[in-house]
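For the numbers below, each heavy atom of this structure counts, side chains included, while hydrogens, waters and symmetry mates do not. Numbers restart at 1 for each chain; the letters A, B, ... are given by sequence-line order, proteins then strands.
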Amino acid sequence: MIVKRVVAIIVALGLIVGASVVRDRLFSPPSDPTPGTAEGATPPSAIPADATADVAQLRAICVTELAVACEQLGFAELTTEPVQTTIANLAETPEAPADVWLTFTPWQDRISQARQESGATPLAFASSQVLGRSPVIGVFRDDRADALEQGCGGGITWECVGESAPKRWNEVGGQDSWGPVKVALSDPATTATGLLTLGQAASGFLGSPDFGRADLNDPGFFAWFSTFARSFVAPSSPTPVNQLVTQRAAFDMVFAIEAVAQPVLATAQADGLVTRDIGPELFAEVVAVGFGETGEAAVDALTPVARTALANAGWAGGQAGSTPGPSATGNNGVPGPGALEALRQTWLEVR
Amino acid sequence: MNWGMQVRGVRLAAVFVVLCLLAAACTGADPGFGEFEGAEVTEPAAGAAAGLEDPGDCATVDMAVSSEKIDLMVQLARDFNASDEAQTDAGCVFVRPASKASGLAMRLLSEGWENTDVDGPQPVVWSPASSAWGAILNQLRSEDGEEAMAPVSQPFMLTPLVIAMPEPMAEALGYPDEPIGWADIAELSRDEEGWGAFGHPEWGQFKLGKTNPNFSTSGLSALIAQTYAATGKERGLTSEDLARPNVREFAEGVESAVVHYGDTTLTFLNNWARGDARGTALQYASAVAVEEVSLINYNRGNPDGVLEPGEELIEPKIPLVAVYPEEGTLYSDNPYIILDADWVTPEQRQGAEAFGAYVQRPENQERVLEFGFRPGNPEVAIAAPITGDLGVDPAQPQTTLEVPEPPVMVEILRGWDDQRKSARVMLVLDVSGSMGDPVAGSERQTKLELAVEAAAGSLEQFNDDDEVGLRIFTTDLGDDPEVDFADLVPVAPIGEQREELKERLEGLFPMQGTPLYSVTGASYDDMEAAYDPAKINAVVVLTDGRNEDPRNNDLEGLLTTLTEDTEGVQSQPVRIFPIAYGDDADLATLRRIAEATNAAAYDASDPRSIRRVFDAVISNF
């Protein structure tokens with residue numbers, strides 16, 4: 001038993017070292033995050049050797065935000081790309097470009113919709129339960145957060161953020177020398193983080209994540225949304241939290257998935273930044289999608305390994321052997337796939 | 001799109017272009033690592049490229065990197081190549097950086113980087129000083145119906161654009177207590193009283209240094225920043241903003257104070273350093289838009305950022321201070337771009353990814369900091385040398401501007417051609433006998449033919465209202481033995497005589513010897529006699545050898561005259577930019593001539609590079 005554990009630890013360390021050089025072209029964070037290296041933190045869990053052997057046979061696509069976790073998994077081939085890139089490929093490809101796709105719900109439900117829209121034949125796939133989850137949060141320059149809380153009447157809401165985005169700070173409770181309010185967002189047209197954040201914002205304004213196209217066309221919503229969309233700042237880095245940390249004056253606030261943001265916020269340059277949960281709660285939930293006839297088997301092989309890797313990377317609810325996480329729908333605050341796509345199209349129209 | 005040859009509106013104020021063609025065999029010289037043919041002569045440290053010559057059987061990852069970080073990248077590459085990280089499952093990797101100005105690399109990539117003999121190997125990785133260049137490249141390729149080549153990529157080190165000023169001058173404007181910005185620059189540029197309005201008439205007029213935004217990131221960032229300042233915005237710059245009359249007026253005001261442009265800020269910093277040694281730094285320039293890292297290097301006593309073996313660091317007598325413009329500034333974010341190009345193999349891509357991860361490691365980011373850059377990895381805190389005792393402020397900038405959308409940036413660049421200082425140019429060509437020598441590797445073209453081709457091509461860079469003329473010279477040109485030149489086309493608006501200039505150029509043939517010193521001196525005197533303070537006044541000398549005129553062999557006398565006339569509050573500076581054409585050109589002498597007038601010399605030891613070199617020289621105007 002002891003020998004087996006030692007072997008497993010050695011294999012795990014070898015996987016981590018060997019995977020450290022793989023980076024996504026667009027959205028890799030600048031360095032491996034080191035959750036668990038802070039004093040008193042839980043060290044990473046080891047991944048069982050027999051489980052990794054099956055995963056090592058797989059060709060995988062990982063959504064960009066999961067780059068760190070995916071690098072731990074030792075796939076035979078790994079492509080890391082924005083979620084919309086994968087959807088665009090899956091919409092028309094005659095055969096699946098990989099064995100598995102680690103992504104966020106509800107994008108697995110977009111596959112069938114996208115293929116139907118493009119006139120392609122259905123693609124067989126299987127989907128896992130939620131393997132890990134993390135909320136969308138706001139990261140603020142601390143003085144800006146304090147000012148905005150005052151300016152929003154005691155708590156920051158999405159409605160207030162959207163109304164403040166086109167203004168100058170002296171109009172929303174801040175100092176004149178701060179200039180215009182600068183709200184940054186990952187591109188909702190291409191990234192999961194951007195569109196999930198936009199989904200949270202729309203839910204906040206409309207009062208529910210269960211909205212439809214008609215709600216987005218409502219004059220009141222459209223006026224608020226279009227003003228907000230035209231006022232936000234486009235980050236020049238693929239990792240906006242990184243940019244806020246290293247180029248402090250680039251913007252005043254940015255929205256990100258907590259598990260992706262926290263390692264950056266724990267670094268040496270991150271003084272003076274605070275996080276805020278802006279309701280309603282919205283969780284980015286990770287699911288594995290397996291393609292083709294072997295899809296279900298691939299998902300079964302990947303599930304325990306991915307849970308551990310996600311937990312090691314700071315995602316909650318994914319420890320090996322624990323009760324599976326919440327179901328993919330219902331209590332994560334995420335609008336449905338059709339609503340998200342309608343929101344994405346509205347964004348493209350007004351931008 | 002022929003981006004390079006369609007850079008319009010290069011307006012040269014009273015420039016004599018003297019093409020002196022001397023007898024010498026010209027051999028093609030391979031570009032070395034660490035510099036490229038046609039660059040301003042800032043030769044890399046002798047040890048910098050050592051260990052990067054032979055990749056053996058490894059997958060070679062060629063990199064095009066902006067010049068200010070070449071030393072750092074060579075060090076990192078050498079260490080990586082010798083490490084276990086260079087051993088991937090696809091085999092070994094050999095990283096080979098080469099210096100390439102950001103704007104030039106962008107143009108070469110937009111054209112497919114076809115001429116590897118002249119421009120060096122096609123890069124796998126491109127690291128310009130700013131990600132804005134990648135966005136511009138993709139925009140230009142999109143306009144040509146091509147796929148994007150530069151994905152959005154992670155910065156690995158940062159440095160903000162600042163306005164560098166000699167400390168006394170900044171203090172005269174209220175530094176450090178009062179904020180200073182582009183509005184102050186614009187106002188100073190138009191003030192006829194100059195520094196006299198601030199109690200310092202001895203400093204003369206306000207003089208600004210800015211690089212050409214088509215070539216240099218500092219120039220591009222400065223242009224974007226001054227445009228934002230004109231609009232009062234910090235984000236969301238639009239085409240409508242650029243069309244506003246006050247924006248154009250603001251820009252023309254700022255540009256009116258420019259002493260010269262150029263393809264690199266190192267020209268200004270080297271000239272400042274030489275002036276500082278002579279006690280004349282305050283007369284050369286009042287402010288120069290540079291990256292923070294360059295200011296740190298200057299104050300450390302290393303103005304060009306390259307430490308030669310045995311070079312001693314001598315701190316300046318008058319340090320520079322960094323003014324972070326009140327209206328906001330931009331970062332040079334030095335992205336690490338693995339190109340989406342058809343020449344990049346999977347093995348090269350894997351190797352490039354490995355090196356990209358290597359440079360992001362905290363221990364290597366500490367080295368980034370040692371070089372004066374701010375780390376791109378947030379795990380490494382900002383520390384020395386980013387400190388006040390070197391004239392910079394780690395808490396700045398307090399305002400960062402949004403990088404404009406690519407179509408807006410392209411429009412800003414095109415608009416600059418109309419806003420920059422205007423030009424008055426005399427093309428002066430030496431038609432000595434040696435110019436009939438053929439150039440190796442050039443399909444039997446002679447040196448004269450190549451030079452004529454380059455000169456004729458450069459005519460497209462002038463706007464119709466620029467004035468351009470043509471003079472030829474050689475010994476024993478006509479009946480009068482004292483006359484060494486003939487004016488074939490008078491200086492007049494080129495719009496009326498572009499074709500005539502081309503025809504006259506194409507009709508030239510080689511004749512006698514070359515009086516380099518007397519022609520240089522006479523051209524300088526003629527330009528000074530017709531000095532126009534509203535324009536950039538300069539001479540460009542292209543020579544493939546050395547002075548051969550026994551009637552005038554007095555180099556020291558020439559240099560003394562040039563130096564004395566260049567300095568002083570009442571001086572009317574005419575800058576001489578020599579080009580060393582071919583292997584036998586007397587580069588050392590040409591450099592001394594350039595330095596005497598606070599200019600720069602250019603290396604065209606491979607005559608096939610003359611077109612690129614000409615572009616770089618013209619970028620000064």
Side-chain angles (χ1 to χ4, degrees), chain A residues 17-34 37 71 80-82 165-166 168 177-184 187 190 230-239 241-252 263-273 351, chain B residues 85 88-89 130-132 134-135 151-158 160 179 233-236 324 326-331 333 335-338 340 349-350 352-362 365 374-383 395-405:
Chain A
V17 169
S20 66
V21 296
V22 176
R23 288 289 179 213
D24 169 60
R25 291 177 299 169
L26 294 177
F27 285 89
S28 292
S31 65
D32 294 338
T34 53
T37 58
E71 285 167 13
T80 312
E81 61 189 21
R168 297 187 66 83
S177 61
W178 294 352
V181 175
K182 291 192 272 192
V183 180
D187 187 4
T190 58
R230 294 184 184 119
S231 305
F232 97 109
V233 175
S236 59
S237 166
T239 49
V241 176
N242 230 60
Q243 186 174 358
L244 179 59
V245 169
T246 58
Q247 302 176 47
R248 188 58 52 91
F251 22 86
D252 302 309
V264 182
L265 296 176
T267 61
Q269 290 191 40
D271 287 348
L273 296 175
R351 283 285 293 177
Chain B
E85 274 72 28
T88 70
D89 54 15
S130 167
S131 52
V152 176
S153 303
Q154 197 65 251
F156 72 94
M157 60 190 192
L158 304 154
K233 299 170 84 166
E234 294 179 19
R235 60 165 193 242
Y324 300 83
E326 181 185 15
E327 301 95 343
T329 192
L330 290 102
Y331 273 93
D333 56 354
Y336 184 90
I337 302 174
I338 303 175
D340 287 335
R349 181 171 297 280
Q350 186 177 7
E353 289 170 349
F355 185 61
Y358 180 80
V359 301
Q360 286 286 4
R361 289 189 182 170
Q365 290 284 298
R374 302 184 182 207
N377 184 338
E379 292 184 46
V380 178
I382 295 175
Q396 290 274 9
Q398 287 294 309
T399 304
T400 306
L401 304 168
E402 181 187 36
V403 177
E405 292 289 314

Note to self: Could you tell me if the side chain of Ser231(A) sits less than 4.5 Å from the side chain of Arg235(B), heavy atoms only?
What the structure shows: yes
By a 4.5 Å heavy-atom criterion (distance strictly below it), what part of [X] contacts chain A: side chain, backbone, both, or neither?
{"X": "Leu158(B)", "result": "side chain"}
{"X": "Pro375(B)", "result": "both"}
{"X": "Arg374(B)", "result": "neither"}

Checklist line | Structural part of Val233(A) lying under 4.5 Å from a heavy atom of chain B | finding: both
Next item on the list: Check whether Ala266(A) gets within reach of chain B through its side chain, its backbone, both or neither, counting any heavy atom under 4.5 Å.
Entry: neither
Go through the structure and list residues passing side-chain hydrogen bond (donor to acceptor under 3.5 Å, both in side chains) with [X], not counting sequence neighbours.
{"X": "Tyr324(B)", "result": "Glu292(B)"}
{"X": "Thr246(A)", "result": "none"}
{"X": "Ser131(B)", "result": "Asp333(B)"}

Taking all atoms of both residues into account, what is the closest heavy-atom pair of [X] and [Y], and its distance?
{"X": "Pro378(B)", "Y": "Val245(A)", "answer": "CB-CG1, 3.5 Å"}
{"X": "Val152(B)", "Y": "Ser237(A)", "answer": "CG1-C, 4.3 Å"}
{"X": "Ala249(A)", "Y": "Pro397(B)", "answer": "CB-O, 3.4 Å"}

Next item on the list: Would you check if the side chain of Gln269(A) reaches a backbone N or O of Val380(B) as a donor-acceptor pair within less than 3.5 Å?
Entry: yes
Margin query: Tell me whether Glu402(B) contacts the main-chain N or O of Ala234(A) through its side chain, where contact means a donor paired with an acceptor under 3.5 Å.
Written below: yes
Notebook entry, point to check: Quick one: which residues of residues 177-184 of chain A reach chain B at under 4.5 angstrom, heavy atoms only?
Noted result: Gly179(A), Pro180(A), Val181(A), Lys182(A)
Note to self: To the closest 0.5 Å, what do you measure between CD (Glu234(B)) and CZ (Arg168(A))?
What the structure shows: 6.5 Å
Checklist line | Interatomic distance, Ser236(A) atom OG to Leu401(B) atom CG [nearest 0.5 angstrom] | finding: 11.5 Å
Note to self: As an exercise: rank Gln365(B), Gln398(B), Glu405(B), Glu326(B) by heavy-atom pairs under 4.5 Å with chain A and give me the winner.
What the structure shows: Gln398(B)
